[in-house]
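If you're wondering where the values come from, they're calculated on a predicted model, not measured in any experiment. To find a chain, count down the sequence lines: A is the first, B the second, and so on, and within it residues start at 1. Both backbone and side-chain heavy atoms feed into the values below; hydrogens, waters and symmetry mates do not.
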2 protein chains.
Amino acid sequence: MITNRSDYILAIAEHGNISRAAKTLYISQSGLNQKLIKLEEELGLQLFQRNKQHLSLTPAGKIYVENAKKIQEIQKVTYAQLGELKDGARGDIFLGTTQAHGIDLFTAIFPLFHEKFPHINLHIQERT
Amino acid sequence: MITNRSDYILAIAEHGNISRAAKTLYISQSGLNQKLIKLEEELGLQLFQRNKQHLSLTPAGKIYVENAKKIQEIQKVTYAQLGELKDGARGDIFLGTTQAHGIDLFTAIFPLFHEKFPHINLHIQERT
DNA sequence: TGCCGTTACGTGAACCGTAACTATC
DNA sequence: GATAGTTACGGTTCACGTAACGGCA
């Protein structure tokens with residue numbers, strides 16, 4: 001799972017609590033806090049209102065979270081698409097040729113093929 | 001302008017050339033190249049086909065670029081929204097009060113106010 | 001030779017953890 | 001005292017630039 005900045009903020013927003021969010025992300029609460037502060041500084045806007053009991057989203061925070069969710073969704077779809085593509089480039093392919101020089105062709109192309117699709121095993125089967 | 005990984009890849013795709021893309025991004029071609037290679041390693045997929053003359057998108061690259069554009073658009077909108085919000089918290093506010101102790105109220109609240117909205121200048125005008 | 005991608009290498013910055021401080025319950 | 005956020009400090013990792021190399025017009 002690839003986590004990025006948006007995920008951290010979404011986790012905080014979800015829990016309304018840096019400490020608990022940090023636990024779910026398997027990072028220190030200090031580190032997560034630093035991330036939040038740094039992002040707010042970069043944006044020049046507070047994303048969370050620090051209350052006594054918990055953190056609540058500011059208007060800016062709501063905008064950020066709303067869009068972060070959209071981005072997260074797109075990323076999810078993207079990785080799914082790429083994952084399929086990667087799995088597709090994995091497996092075995094059996095080739096049959098009736099011509100003797102088919103093997104020559106194969107041996108000429110194989111290095112290039114293997115370079116591009118290292119996870120596909122090509123099997124040549126000559127039939128006389 | 002905040003640039004992220006997606007922007008780098010989009011620039012390469014646009015120019016079909018790392019060197020030129022690097023110039024438009026004001027970074028070294030070496031650094032941009034390193035970014036691309038690292039991303040491809042993380043994904044486990046090549047995004048660009050290295051041809052003699054130029055770089056062209058692989059199927060995986062096309063998927064990535066397509067989604068990167070969507071994300072870029074969302075980010076653009078997000079920053080625009082946040083920018084408006086930030087500008088809204090900037091300017092001058094003139095307050096008038098007819099009661100003498102209005103000033104006391106003001107002086108009590110002002111520090112908190114200024115902490116949250118440092119870019120708004122509050123002007124108090126007492127009328128007798 | 002010039003332009004391209006790639007790699008080696010070093011340095012400055014960024015990340016992020018532990019620990020300590022403060023405030024609230 | 002328990003739990004919260006914040007800050008200090010430090011070590012490690014990472015980013016990214018310069019320089020050098022190899023392939024191709």
Can you name the closest pair of heavy atoms from [X] and [Y] and give their distance?
X       : Y       : result
A:Ile18 : A:Leu32 : O-CD2, 3.5 Å
A:His54 : A:Gly16 : CB-O, 3.3 Å
A:Ala11 : A:Leu25 : CB-CD1, 3.8 Å

In whole angstrom, what separates [X]'s [atom1] from [N]'s [atom2]?
X       : N      : atom1 : atom2 : value
B:Leu25 : D:dA15 : CG    : P     : 16 Å
B:Leu36 : D:dA15 : CG    : P     : 14 Å
B:Arg50 : D:dG22 : CZ    : C1'   : 16 Å
A:Lys38 : D:dT7  : NZ    : P     : 16 Å
A:His54 : D:dT6  : NE2   : P     : 14 Å

Distance below 4.0 Å between B:Lys35 side-chain N/O and D:dC16 OP1 or OP2
yes
Is the phosphate of D:dG5 approached by A:Asn17 (side-chain N or O, under 4.0 Å from OP1 or OP2)?
yes
Apply the test salt bridge (Lys or Arg N to Asp or Glu O under 4.0 Å) to residues B:Glu42 and B:Lys38: give CA-CA distance (whole Å), side-chain angles for both, the deciding distance (0.1 Å), then the verdict.
CA-CA 6 Å; B:Glu42 284 180 19; B:Lys38 189 179 174 218; 3.6 Å; yes
Could you check whether B:Arg20 gets within reach of a base, just the sugar-phosphate, or nothing at all, counting any heavy atom under 4.0 Å?
sugar-phosphate
Inspect the contact between B:Glu73 and B:Lys69 and indicate whether a charged nitrogen and a carboxylate oxygen are less than 4.0 angstrom apart.
no
Nearest 0.5 angstrom please: A:Lys23 NZ to A:Gln29 CD, how far?
9.0 Å
When rounded to the nearest 0.5 angstrom, what distance separates OH in B:Tyr64 from CG in A:Leu85?
15.0 Å
Do the side chains of A:Phe48 and A:Leu57 get nearer than 4.5 Å, heavy atoms only?
yes
Heavy-atom contact window of chain B on DNA chain C, given 5' to 3' at under 4.0 Å
C:dC4 to C:dA8
Near DNA chain C, under 4.0 Å by heavy atom, which residues of residues 26-34 of chain B?
B:Gln29, B:Ser30, B:Asn33, B:Gln34
Run A:Gln75 and B:Asn67 through side chain to side chain donor-acceptor pair (under 3.5 Å) and show every step you take.
CA-CA 8 Å; A:Gln75 287 178 336; B:Asn67 288 282; over 6 Å; no
